[in-house]
K.L.:
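Sharing a structure here in structure tokens format.
All residue numbers in this chain count up from 1 along the given sequence. These numbers come from a predicted model, not from an experiment.
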Amino acid sequence: ILRIEPTGVIINHINIQCRVTFRLQPLDGSPAFDQDKTIVIPQTHMPRIGDVWPSWYELTDPSIFVVGIHLIQAQQRRRRAPTRWRISSG
């Protein structure tokens, strides 16, 4: 992740819409390229510049791509963050 810019849209007081710039590095050794995507991110999973997320892109049109949050980074961040809430069953 190269850049994160909130758009000003907040959904349900916790989900923040951001314009995120990704550097996509093809596994076949092709040159890396940058792409932007506007996505809604839960505040508890907000990425940091330098984070690495898995991604997939359309070979015929690299502007079409999807990303997945890197769960290990998100879990480590959640453990370090102070919390006021506890999860309970039913």
K.L.:
Would you indicate whether the side-chain heavy atoms of Val67 and Pro54 approach each other to under 4.5 Å?
P.N.:
no
K.L.:
Any idea which heavy atoms bring Ala32 and Pro26 closest together, and the distance?
P.N.:
CA-CD, 4.0 Å
K.L.:
I'd like to check the side chain to side chain contact (heavy atoms under 4.5 Å, CB included) partners of Val66; sequence neighbours left out, ordered by chain and number.
P.N.:
Trp56
K.L.:
Under a 4.5 Å cut-off applied to non-hydrogen side-chain atoms, are Trp53 and Pro47 in contact?
P.N.:
yes
K.L.:
Hey, quick one: are Leu24 and Leu2 part of the same hydrophobic cluster, counting side-chain heavy atoms closer than 4.5 Å, chains of contacts allowed?
P.N.:
no
K.L.:
How would you list, by chain and number, every residue that makes a side-chain hydrogen bond (donor to acceptor under 3.5 Å, both in side chains) with Asn12, sequence neighbours excluded?
P.N.:
none
K.L.:
Who passes salt bridge (charged side-chain N to carboxylate O under 4.0 Å, His left out) against Asp34, sequence neighbours left out?
P.N.:
Arg23
K.L.:
Is there a path of hydrophobic side-chain contacts, each under 4.5 Å between heavy atoms, that joins Ile4 and Ile11?
P.N.:
no
K.L.:
I'd like to check the side-chain hydrogen bond (donor to acceptor under 3.5 Å, both in side chains) partners of Gln17; sequence neighbours left out, ordered by chain and number.
P.N.:
Thr7
K.L.:
For Ser63, check side chain to side chain contact (heavy atoms under 4.5 Å, CB included) against everything at least two apart and list the hits.
P.N.:
Gln35, Asp61
K.L.:
Is Val20 close to Ile1 at the side-chain level, that is, under 4.5 Å between some pair of heavy atoms?
P.N.:
yes
K.L.:
Let me check something: any side-chain donor-acceptor pairs from residues 36-43 under 3.5 Å, sequence neighbours excluded? List them with distances.
P.N.:
{"from": "Asp36", "atom 1": "OD1", "to": "Thr21", "atom 2": "OG1", "distance (Å)": "2.5"}
{"from": "Lys37", "atom 1": "NZ", "to": "Phe65", "atom 2": "O", "distance (Å)": "2.8"}
{"from": "Thr38", "atom 1": "OG1", "to": "Arg19", "atom 2": "NH1", "distance (Å)": "2.7"}

